[in-house]
Amino acid sequence: MHNLSIKMETTPTIKDAYSLFHKGILALSRAEMQGFRVDVDYILRKREFLQRKLERTEIKFKETDFYADWCKSTKGKVNINSSTQLGDYLYKTKGFTALKYTKSNGNGSTDDEALKQLNIPELDFLFEKKKIKKTIDVLDGFYNEQVDGTIHPFYNLHLVRTFRSSSDSPNFQNIPKRDEEMMTLCRRALFPREGHQLLEVDFGQLEVRISACYNKDETLINDILHGDMHRDMAAEIFMLDNFDKNNKGHKLLRQAAKNGFVFAQFYGDYYKNCAENLASNWCQLPKTGKWKYGQGVVIDEIGKPFKPYHISDHLISKGIKEYGTITKTERGYVVTGFLKHVQDIENNFWNVRYKKYKQWKDDWFAEYQKKGFFDLYTGFRCSGVMKKNDVINYPVQGAAFHCLLWSFIQLDAFIIENNLDSRIIGQIHDSLIIDVNPKELKLIGETVHKITTVDLPKHWPWIIVPLEIDAEICGVDESWVKKEKYDLV
DNA sequence: GGAACTCGCCAC
DNA sequence: AAACGTGGCGAGTTCC
């Protein structure tokens with residue numbers, strides 16, 4: 001009885017969830033109305049430039065023997081934009097073995113990753129062309145949607161299964177960022193209002209922290225607050241006895257462990273995919289035969305400038321001499337090599353290191369199977385037929401976004417109440433983009449910091465892990481390209 | 001001629 | 001036993 005009454009007070013209900021979205025829609029619509037300034041002259045200029053570059057790349061491709069042979073095999077009817085036709089030519093006509101297959105139809109995959117493994121240099125022109133085209137599409141999207149030099153991206157709260165948001169017309173949540181060249185070309189089009197500057201505020205490791213609120217795993221919480229789980233996993237996966245955070249190679253391997261193992265595991269992936277991804281995408285190690293010395297990425301150049309040390313040298317010296325295989329026998333699966341190594345690490349990851357997290361996953365799924373639904377900590381209810389991974393991921397993804405949305409609403413209200421000139425103009429799941437009047441920068445920064453790290457955990461007592469917020473700032477009257485770290489307090 | 005589908009790729 | 005979560009959008013293709 002006692003426990004129940006506490007729960008009633010602190011656990012948000014479906015009405016609270018409704019209220020969050022009601023206020024959320026109103027706040028988001030103010031950002032939509034405000035919009036994001038675009039440099040129309042730049043877009044038109046750069047579009048022309050990219051269009052010509054696209055045509056030149058296309059011409060270069062059409063001059064290759066590869067293209068001539070492709071045309072010959074289809075009696076001249078070739079559309080170089082068609083991955084279906086390319087797949088037919090490579091896998092059916094030329095007899096290349098597909099190294100990857102598509103999900104729904106099981107055809108040989110023609111994505112960049114699959115094609116790059118075929119080692120056909122002429123295809124580089126197609127990769128280049130695809131990249132240019134993608135950039136043109138983003139700029140076109142801005143141009144087509146702008147009204148008097150301002151785009152008004154929409155934010156939807158009614159479309160996503162996890163109760164996250166989506167964005168369209170144009171989609172503001174998938175503007176290139178990681179590819180330096182594409183990032184610069186696209187974000188150079190986006191500006192604050194005159195005399196203002198763009199401030200971007202991000203929650204740090206938000207989804208991992210929210211997952212910890214559900215699973216309450218002490219090791220995970222400790223790692224979030226004081227440790228470095230990506231470094232630890234890099235050390236285990238690549239068998240590094242003394243991880244050196246200043247070593248360029250070690251830094252790369254930490255990245256590999258973070259994206260190829262830790263995040264993948266948190267989303268519900270398993271050792272086979274992780275091993276494959278780590279070996280081929282991150283280390284360029286072959287998946288057949290014994291590994292040779294001098295293969296794969298250079299991981300360590302200390303003291304040996306003319307004799308690079310390769311990842312294969314290191315793994316072989318530690319006894320991992322090949323990628324390995326998975327064989328089915330009457331007794332079960334026999335796993336060898338690097339595959340076995342990653343499988344062991346996976347087992348340790350879930351059965352020892354994050355044991356309580358795993359227990360939560362099993363319990364949470366069992367509860368869903370019993371009831372047919374589950375409730376997020378923010379009051380939203382997910383029901384219907386779901387896979388185990390869905391049941392584990394949705395509550396985290398949704399509640400993490402709700403932290404952002406709640407903060408968005410508070411900051412929006414603060415801006416209106418105080419008649420400020422700054423405006424929130426965008427949102428990308430765990431970040432806010434604010435068009436700031438420089439005179440208000442300090443106030444906005446301090447307010448965002450207080451809302452996200454003090455008020456939010458007070459509002460939702462289920463947030464049992466401290467939240468962290470990072471900010472970056474662009475110069476006055478400058479585009480969204482050059483950002484500097486900004487201390488909010 | 002358009003709806004529905006697949007695939008690939010960008011973001012988180 | 002199963003096996004990476006959520007979107008939007010463009011291009012090609014297939015079906016009606």
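Labels below follow one simple rule: chain letters A, B, ... track the order of the sequence lines, proteins then strands, and each chain is numbered from 1. Since this is a predicted model, take the numbers as computed values, not measurements.
In this structure, A:Phe349 has its ring center closer than 6.0 angstrom to the ring center of A:Phe261. For A:Trp360 and A:Tyr214, the ring centers sit closer than 6.0 Å to each other.
Among the heavy atoms of the strands, none lies under 4.0 Å from A:Ser165.
Distance, A:Glu276 CD to C:dC4 P: 12 Å, rounded to whole Å. Atom-to-atom, NZ of A:Lys133 to C1' of B:dC9 comes out at 12 Å; the value is rounded to the nearest Å. Rounded to whole Å, atom C1' of B:dC9 lies 8 Å from atom CE of A:Met182. Rounded to whole angstrom, the span from the CZ atom of A:Arg161 across to the C1' atom of C:dG5 amounts to 10 Å. Between the P atom of C:dG7 and the CG atom of A:Leu157 lies a distance of 13 Å, rounded to the nearest Å. Between the P atom of B:dC9 and the CD1 atom of A:Ile132 lies a distance of 15 Å, rounded to the nearest Å. C:dT14 atom P lies 12 Å from atom CG of A:Asn79, rounded to whole Å.
In this pair, A:Phe338 and A:His341 present their aromatic rings tilted. The plane angle is within the 30 to 60° band.
Taking every side-chain heavy atom of A:Asp137 into account, C:dG10 is the closest of B:dC9, B:dA11, C:dG10. Checked against B:dG8, B:dC9, C:dG5, the side chain of A:Gln397 finds its nearest nucleotide in C:dG5. Listed candidates were C:dG8, B:dC7, C:dA3. Nearest to the side chain of A:Asn389 is C:dA3.
Contact between the side-chain N/O atoms of A:Tyr270 and the OP1/OP2 oxygens of C:dC4 is not found at any separation under 4.0 Å. When the side-chain nitrogen and oxygen atoms of A:Ser83 are compared with OP1 and OP2 of B:dC7, none of them lie within a distance under 4.0 Å. Checking the phosphate oxygens (OP1, OP2) of B:dC12, a side-chain nitrogen or oxygen of A:Lys177 falls inside 4.0 Å. Close to C:dT6, at under 4.0 Å from its OP1 or OP2, lies no side-chain N or O of A:Asn393. Taking side-chain N and O atoms only, A:Ser166 has no distance below 4.0 Å to OP1 or OP2 of C:dT6. Phosphate contact (OP1/OP2 of C:dA11, side-chain N/O of A:Asn81, threshold under 4.0 Å): absent.
Heavy-atom minimum distance, A:Lys272 versus A:Leu339: CA-CD2, 4.2 Å.
The base of B:dC10 has none of its N or O atoms less than 3.5 Å from a complementary donor or acceptor on the side chain of A:Arg178.
Taking a 6.0 Å sphere around NZ of A:Lys100, one finds it holds more than 12 heavy atoms contributed by other residues, nucleotides or ligands.
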